Amino acid sequence: MITVNRKLRLHLLLQNGLFVVLLLILAGMLGYLAFEFRTQWDISQNSRNSLSEASLEVLRKLNGPVNVTVYATNQDPQLGDIRKIISDFVVAYQRIKPDLVLNFVDPVEQPHLAQEVGVRMNGEMVISLNDRSEHITTINEQTFTNALMRLARSDQRQLMMLSGHGERKLDGIANRDMGDFGKKLAEAGFKGEALNLASTLEIPSNISALIIASPQTDLLAGEVDKLLDYIEHGGNLLWLVDQGSLYGLLPLAEKLGLTFTPGVVVDPQAKRLRVPVTFALGTIYGQHVITENFDFITVFPFARQIIFNENEEWYGVSLVEVAPEGWVETGELNDEATFNETDDVAGPVSVAVALNRTIDDREQRIVIVGSGHFLANAYLGNGGNIDFGINLVNWLAGDEDLITIQPRAAIDSQLMLDESALTVIVISFLIVLPLLFLMSGLIIWWYRRRR
């Protein structure tokens, strides 16, 4: 009997020992695999813990190592451990770009280093690439990625905004102005400047693009000649056209082979989304670099139809078509507007056109949009208007490699649960699970007693 018990104990001891050895081997293998093959899943709403595709595209286009120097103390009175906050934020970029190096400098202990680079606040970051640098003071994906995007440009892009005829201002704060869009352009590395043709001999040929944004008075004949000369010599142009008169720019339209249909676009689909029927919704995009992988809805208030008359000089693409169920209302517009087969033009309606041609061994690029309102301060936040506008300017400036959707903001910083969900969680973790563990223990104890 004693011999049998000893054999049984020896057998159990060997069995348990083998189990421990196999468990350790399994744990080691899992650790090795986890070290060699790292996989992550982001199950948060809006994927707030992962970089957006826009940020990934910018990182892939960066040539050379990126140095991020953070001038921060160990503790901040308001934010706490600001170094840890920044480290946790930057690590997502380092996973994609391993040569992105993060360094910390204490501005209190080494004030001369902070003064040399012009740091003014605790937690300020200086991002450097190829002897160029950007300062940022806000810790979020959009700010950080936009700084990288500016560094990715070889130099700052110059834009000129036609002025002197009541045009929308790129730095204006009025509802009809484009100041908010101007700020977005500055964040993306563009510099805007007003251009008055009455006091300028000619439009500079070295600018990235000229913007004509909804003049309110007629241009003089001499000013139109300067515009035509600029186009003739290969200048890039963004022309935003509103309802009504072209204000002396009919020769420009004729040179580009364009016809602007009188009347406003009516989109019944907008009414179903509880916005005015004069807000044409862009959901149909042409095949072009500007609209590649672009699947956001754009909103064009009070839009007009643009018809490109094909010719041998220009190659044209309709960028956006709106109102597939709507029409161009040529009569008086009211709340009960209906389609008139005799006078109105049935949809879909083209409201944005891109033109290009080869001149002097380089490509000339022009974009015409039949609504200046879509980039105005009052309507810029609708749908994907910002992204579409930035894409337009990037293409005009020859930076199609940087055409990308703007990094999205995180929207689920807090977990909100209703009372019923909280009750289920409390009952599950405080009552159900403990009872299951207790029952499991009793069953195991009873089973062993029987043996």
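All figures in this text were calculated on a predicted structure; none of them were measured in a lab.
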| field | Heavy-atom neighbours of D99 CG exceed 12 at 6.0 Å | value | yes
| Presence of salt bridge, R120 and E124, under 4.0 angstrom | no
| query | Would you say the side-chain atoms of K226 pair up with the backbone N or O of T200, donor to acceptor, closer than 3.5 Å? | reply | yes
| Between N311 (side chain) and N309 (backbone), is there a donor-acceptor pair under 3.5 Å? | yes
| task | Could you tell me whether a side-chain N or O of Q243 sits under 3.5 Å from a main-chain N or O of A303, the two making a donor and an acceptor? | result | yes
| task | May I have the step-by-step check of side chain to side chain contact (heavy atoms under 4.5 Å, CB included) for L195 and M161, ending in yes or no? | result | CA-CA 6 Å; L195 174 68; M161 195 91 170; over 6 Å; no
| message | Which residue in the set D242, D177, D180 passes salt bridge (charged side-chain N to carboxylate O under 4.0 Å, His left out) when paired with R168? | response | D242
| message | For T143 and N146, which I'm curious about, is there any donor-acceptor pair between the side chains at under 3.5 Å? | response | no
| message | Are more than 12 heavy atoms, taken from residues, nucleotides or ligands other than N206, located less than 6.0 Å from that residue's CG atom? | response | yes
Report all side-chain donor-acceptor pairs from residues 346-360 shorter than 3.5 Å, counting only partners two or more places apart or in another chain.
{"residue": "S350", "atom": "OG", "partner": "S318", "partner atom": "OG", "Å": "2.8"}
{"residue": "N356", "atom": "ND2", "partner": "E363", "partner atom": "OE2", "Å": "3.0"}
{"residue": "R357", "atom": "NE", "partner": "Q364", "partner atom": "OE1", "Å": "2.6"}
{"residue": "R357", "atom": "NH1", "partner": "E313", "partner atom": "OE2", "Å": "2.2"}
{"residue": "R357", "atom": "NH2", "partner": "I231", "partner atom": "O", "Å": "3.0"}
{"residue": "R357", "atom": "NH2", "partner": "Q364", "partner atom": "OE1", "Å": "3.1"}

| query | Hey, what do you get for CD1 (I96) to CG (L62), rounding to the nearest 0.5 Å? | reply | 12.0 Å
| said: List the residues meeting ring-ring contact (aromatic ring centres under 6.0 Å, His included) with H288, not counting sequence neighbours, and say none if there are none. | reply: W395
| field | Criterion side chain to side chain contact (heavy atoms under 4.5 Å, CB included) against N385, the qualifying member of I390, T298, I297 | value | T298
| message | Quick check on the 6.0 Å ring-centre criterion: do Y379 and F279 meet it? | response | yes
| field | Criterion side chain to side chain contact (heavy atoms under 4.5 Å, CB included) on E167 and M178, from CA distance to verdict | value | CA-CA 10 Å; E167 293 90 348; M178 298 164 53; over 6 Å; no
| Minimum heavy-atom separation for D344 to T338, with atom names? | OD2-O, 3.6 Å
| Nearest 0.5 Å, what's the CG-CG distance between L185 and L375? | 8.5 Å
| request: May I ask you to decide if V265's main-chain N or O and Q305's side chain share a donor-acceptor pair within less than 3.5 Å? | output: no
| query | Taking atom types as modelled, is there a side-chain donor on T291 or N391 under 3.5 Å from an acceptor on the other? | reply | no
| field | Under 3.5 Å donor-acceptor, N67 side chain and S128 backbone | value | no
| said: I'd like to know if the side chain of N377 reaches the main chain of G172, judged simply by a donor and an acceptor atom lying under 3.5 Å from each other, with no hydrogens or angles considered. | reply: yes
| field | From CD (Q269) to CG (L273), nearest 0.5 Å | value | 6.0 Å
| query | Can you check whether S208's main-chain N or O pairs, donor with acceptor, with R157's side chain at less than 3.5 Å? | reply | no
| Flag side-chain contact, heavy atom, 4.5 Å: M125 against I139 | yes
| remark: Between the CG atom in L240 and the CD1 atom in I368, the distance rounded to the nearest 0.5 Å is 10.0 Å
| query | Any idea which heavy atoms bring W314 and K255 closest together, and the distance? | reply | NE1-O, 3.3 Å
| Is a donor on one side and an acceptor on the other found under 3.5 Å between the side chain of N236 and the backbone of L396? | yes
| request: Keeping the roles fixed (side chain from E223, backbone from A221), state whether a donor-acceptor pair exists under 3.5 Å. | output: no
| request: For Y285, enumerate each residue passing the ring-ring contact (aromatic ring centres under 6.0 Å, His included) test, keeping only those at least two apart in sequence or located in another chain. | output: F294
| note | Partner of L237 under side chain to side chain contact (heavy atoms under 4.5 Å, CB included), picked from I212, L162, L227, I211, is I212
| How would you list, by chain and number, every residue that makes a ring-ring contact (aromatic ring centres under 6.0 Å, His included) with F308, sequence neighbours excluded? | none
| said: Tell me whether D81 is salt-bridged to R83, with the criterion being a basic N under 4.0 Å from an acidic carboxylate O. | reply: no
| field | Closest approach of S55 to T145 (non-hydrogen atoms, all atoms of both residues) | value | OG-OG1, 2.7 Å
| query | From R272 CZ over to R274 CZ, what is the distance, rounded to the nearest 0.5 angstrom? | reply | 13.5 Å
| request: Write down the atom of Y230, the atom of L210, and the distance for their closest heavy-atom approach. | output: OH-N, 3.5 Å
| request: Output the distance between atom CG (L197) and atom CE (M160), rounded to the nearest 0.5 Å. | output: 10.0 Å
| note | Residues at least two apart in sequence or cross-chain that pass ring-ring contact (aromatic ring centres under 6.0 Å, His included) with F181, listed by chain then number, are none
| Y71 to P107 - nearest heavy-atom pair and separation | C-CD, 3.8 Å
| message | Do T330 and D343 pair up side chain to side chain, a donor and an acceptor below 3.5 Å, judged on atom types alone? | response | no
| field | Residue pair L129 / P65: nearest heavy atoms and the distance that separates them | value | CD1-O, 3.4 Å
| field | Pair listing, ring pair (Phe, Tyr, Trp, His ring centres under 6.0 Å) test, anchored in residues 94-146, at least two apart | value | F89-F144, Y93-F144
